[in-house]
Amino acid sequence: MSQIAANLELVRQRIDAACNRFQRTDPVELLAVSKTKPVADIEAAWLSGQRHFGENYLQEALDKIEALKGRDIVWHFIGAIQSNKTTLMAQQFDWIHCVERAKIARRLSEARGAERPPLNVCLQVNISNEPSKAGVPLEALPALAAEVASCPNLALRGLMAIPAASDDFDAQQQPFARLSQALAQLREQLPDQPLDTLSMGMSNDLEAAIAQGATFVRIGTALFGSRNTTSRTSP
Ligand SMILES: *Cc1c(COP(=O)(O)O)cnc(C)c1O
């Protein structure tokens, strides 16, 4: 078995164990985060049954999408959105996890067009209130969500967050619980939107995220190994 196939098996076991432990009955999907990793790694995971892949850097992602054309892969964009790149993003991805401005949402909706199924979007929340971090503050979420819900070619699926790092299980759960509560409030605010998604949890905190209702866990390191950050010259 390849290393990636073995890692995939271990991560699936972690997800299953957490689902049992926290009595999750609805599905928890694994989103494999393949940023900076070669096409061959994605292919290895795909051969082991993985279908959802997340990428952070648009040009890198477009190259991979082209190289893997014809595979039944669901592509998720999980990085920072450049406002002049929304057309390519809306055309090439199935999901965008990191919408934090109404203007970006409107551009994505226009670029998606009415001919295709709506583009799935999550709103990124700055759940630990870190000044340096991306995401909308919780207070601004209802207004942003209302704007996004009015975009005809978007499906507002839920919320995404990257909390402040912690090694303590209880501390890890708190921001995830806040995000989960925020989603419940959005469902009341916008009953016509398909709000079924909590994109939260990474290699170090997926159990805490599943305990608090994650529906996508975004896993990079535990699947593909650590990333060599010095080899990148642009963000
Ligand atoms: C890189 C990245 C991940 C994966 O993180 P790991 O700790 O490697 O599992 C998840 N989400 C986002 C938004 C990322 O940028």
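Any value given below was found using the heavy atoms of this structure, including those in side chains, with hydrogens, waters and symmetry copies removed. Both counts, for ligands and for their atoms, begin at 1 and track the order of listing.
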Pair Arg106 + Glu110, salt bridge at N-O below 4.0 Å: no
Pair His52 + Phe216: ring centers closer than 6.0 Å: yes
Atoms of ligand 1, numbered as shown, that sit under 4.0 Å from any heavy atom of Thr221: 6 (P), 7 (O), 8 (O), 9 (O)
Proximity flag Ile162 to ligand 1, non-hydrogen atoms under 4.0 Å: yes
Polar proximity ligand 1 side, Met202 side, N/O cut 3.5 Å exclusive: no
Validation row: Gln124, Val99 side chains within 4.5 angstrom (heavy atoms): no
Nearest non-hydrogen protein atom, atom 1 (C) of ligand 1: Lys35 NZ, 1.4 Å
Charged N-O contact under 4.0 Å between Asp26 and Arg24: yes
Cluster link Val33 to Val121, ILVMFWY, side chain under 4.5 Å: no
Atom 9 (O) of ligand 1: the protein heavy-atom neighbour that sits closest, reported with distance to 0.1 Å: Ser203 OG, 2.5 Å
Atom indices of ligand 1, in the order listed, that fall short of 4.0 Å to a heavy atom of Ile78: 11 (N), 12 (C), 13 (C), 14 (C)
Ring geometry between Trp95 and His76 (parallel below 30°, tilted from 30 to 60°, perpendicular above 60°): parallel
Test side chain to side chain contact (heavy atoms under 4.5 Å, CB included) applied to Asp196 and Thr215, step by step: CA-CA 8 Å; Asp196 57 3; Thr215 62; over 6 Å; no
pair Thr87-Leu108: side-chain heavy atoms closer than 4.5 Å: no
Contact atoms of ligand 1, heavy-atom distance to Met160 under 4.0 Å: 13 (C)
Proximal ligand 1 atoms for Ile219, defined as those under 4.0 Å from one of its heavy atoms: 9 (O)
Under 4.0 Å to a heavy atom of Asn56 - the qualifying atoms of ligand 1, by number: 14 (C), 15 (O)
Atom 11 (N) of ligand 1 [closest protein heavy-atom partner, distance rounded to 0.1 Å]: Arg218 NE, 2.9 Å
Sub-4.0 Å heavy-atom approach of His97 to ligand 1: no
